[in-house]
Amino acid sequence: MFNSDVLYGNILKNITLKSGVNCMDKVQDDEIDLLTLLETIWNGKWKIIATTFVAAVIGVVFGVVKPNSFEVSTPIQIAKPSVFLPYTTLNSLLKQQGLYFDKELNESGYKFDTESVFNAVVVEFNEYEEMLDVLSEDEFVKQNIKDLDDSDKQKKLIDFAKQFKIVPPSNKEKKWHLKFKWHNDYEGRALFKLALEKTLLNTQKTLKNNIDELAKAIERKNSYQLEKLQNDLNAIKQNEKEKLKKRIIFLNEQYAIAMELGIETNKLNANALSQNSQNQISLSINPNDVPYYLRGSKAIKKEIVLIENRSEEDILLMADGKVAVHKEIALLQNDKSSSQLKNAAKLIERDNPKDWLVFDMQLAEAKSKKKSTLYIALSIVLGGMVGVIYVLISNAYKIRQNIESKS
């Protein structure tokens, strides 16, 4: 029978005879390489332990020395609608004046309620003005920027300010949140709270000033309208005077004719005209075509005197269109919108803006960004690897030195 072991042995012998190398010894050397490697590592275990220990100490020191930072988050809510009930009249007034905010119809308008005030606070905070103001007074920030030039200081301040955010709701979180990253948890809370309080005060001033400007705008508009109506009234009066002048000229002419014809009293027979009309006698005489001088010089003269003796007020009173203009003037003079807006502005000024938002920094959740345990674990692993590599390289170098010395 065919014996593979015998065949394999014969092949190794032939190779050995030709090459002068014992292949059996080589196979055995390959088989014990792993054991030799483990033995080498074991013999150098104290070196490995030493490097691991040193690396662990470095990891501990790094974890202690490395500045800590915290990520803090707390919900922020819109104030309850009851807080803004005193401003119901203001919103109604804005609607009457066509100044009420409407997303579709009037995006440039104004509105004073929970949502609009909250949005105003967010916009004001995102300008970073208040946050920069607060941070510029912080000792930690001062130390970080003291050696920088003005441009770099501003950039660094902005970088610090961007660590404080009002974050809108996301898919996971349905509420708005105040979030910040800072080296000191409690110091960061105090800075954020102070910046928010300043933001609320500035928002209050802005909203108050906006209402004051609206009041002034309405005053200017009413003043312009009153001036225009007064000009219209003067034009109506002047027009009426022109009409009266024409009337007097006409009456003087008719008076002269009546005097010339000796007609002192009325010669018109109104009863006869009425009787002819009742008898169905068609007259082609229009009352306007009847000569005015037939009324008599006495009546015409009296009419001239009465017209000439009319006062300015009487002239205007008799003018067409005067009533409508006077009505508009009265409406504008009695318009209380401006004063009501000013009262609303004072109400905003007296209000406590801290009631406009609901948040509590004391209830914020803080997470430390410092991973000391991770640093130590990584240091131990790295130290062990460096130790093993050092032992293996050191052992290989010794073997090479021995071989060279023997040769």
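Just so you know, residue 1 is the first one in the sequence shown, and it goes up from there.
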Decide, yes or no, whether a salt bridge links [X] with [Y] under the criterion of side-chain N to carboxylate O below 4.0 Å.
X: E240; Y: K237; value: no
X: E312; Y: K241; value: yes
X: E219; Y: K216; value: no
X: D335; Y: K221; value: no

With a 3.5 Å distance limit and no angle check, can you tell me whether [X] reaches the backbone of [Y] through a side-chain donor-acceptor pair?
X: D351; Y: L347; value: no
X: N239; Y: A235; value: no
X: T199; Y: V121; value: no
X: S338; Y: A215; value: yes
X: Q204; Y: I348; value: yes

Could you walk me through whether L341 and L90 pass side chain to side chain contact (heavy atoms under 4.5 Å, CB included), step by step? CA-CA 7 Å; L341 285 173; L90 170 59; 3.6 Å; yes

Counting only heavy atoms not in [X], do more than 12 fall under 6.0 Å of its [atom1]?
X: K142; atom1: NZ; value: yes
X: E127; atom1: CD; value: yes
X: F250; atom1: CZ; value: yes
X: K193; atom1: NZ; value: no
X: Q77; atom1: CD; value: yes
X: M361; atom1: CE; value: yes
X: N352; atom1: CG; value: yes

Report the distance from atom [atom1] of [X] to atom [atom2] of [Y], rounding to the nearest 0.5 Å.
X: R247; Y: E303; atom1: CZ; atom2: CD; value: 4.5 Å
X: E313; Y: L316; atom1: CD; atom2: CG; value: 8.0 Å
X: D159; Y: I145; atom1: CG; atom2: CD1; value: 11.5 Å
X: I76; Y: F125; atom1: CD1; atom2: CZ; value: 9.0 Å
X: F112; Y: N210; atom1: CZ; atom2: CG; value: 10.0 Å
X: W176; Y: L178; atom1: CH2; atom2: CG; value: 10.5 Å

[X] versus [Y]: any side-chain heavy-atom pair under 4.5 Å?
X: T89; Y: Q340; result: no
X: Q254; Y: R295; result: no
X: I300; Y: N252; result: no
X: F359; Y: L196; result: yes
X: K228; Y: D232; result: yes
X: L207; Y: W356; result: yes
X: Y293; Y: E253; result: no
X: K322; Y: L317; result: yes

Cation-pi check for Y186 against R189: NZ or CZ below 6.0 Å from the six-membered ring centre and within 45 degrees of the axis, yes or no?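 Flagged: R189 positioned over aromatic ring of Y186.
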
Here's one to test your reading of the geometry: is the NZ or CZ of K156 within 45 degrees of the ring axis of F160 and under 6.0 Å from its centre?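 Yes, a cation-pi geometry.
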
Provide the closest heavy-atom pair for [X] versus [Y] in the form atom of the first, atom of the second, distance.
X: I236; Y: A319; value: CG2-CB, 3.4 Å
X: L251; Y: Y292; value: CD2-CE2, 3.4 Å
X: A366; Y: V72; value: CB-CG2, 3.9 Å
X: F192; Y: K165; value: CZ-O, 3.4 Å
X: A345; Y: D212; value: CB-OD1, 3.3 Å
X: D355; Y: V83; value: O-CG1, 3.9 Å

Do [X] and [Y] have a side chain donor and acceptor closer than 3.5 Å?
X: S337; Y: Q97; answer: yes
X: E187; Y: W182; answer: yes
X: E129; Y: N202; answer: no
X: D149; Y: S151; answer: no
X: D113; Y: S116; answer: yes

Apply side chain to side chain contact (heavy atoms under 4.5 Å, CB included) to the pair V325 and Q230, showing each step before the final yes or no. CA-CA 8 Å; V325 174; Q230 191 60 51; over 6 Å; no

Which is it for F84 and N91 under the side chain to side chain contact (heavy atoms under 4.5 Å, CB included) test, yes or no, and what are the steps along the way? CA-CA 10 Å; F84 295 94; N91 289 323; over 6 Å; no

Passes side chain to side chain contact (heavy atoms under 4.5 Å, CB included), D320 versus K243? Steps please. CA-CA 11 Å; D320 295 333; K243 288 169 62 177; 3.7 Å; yes

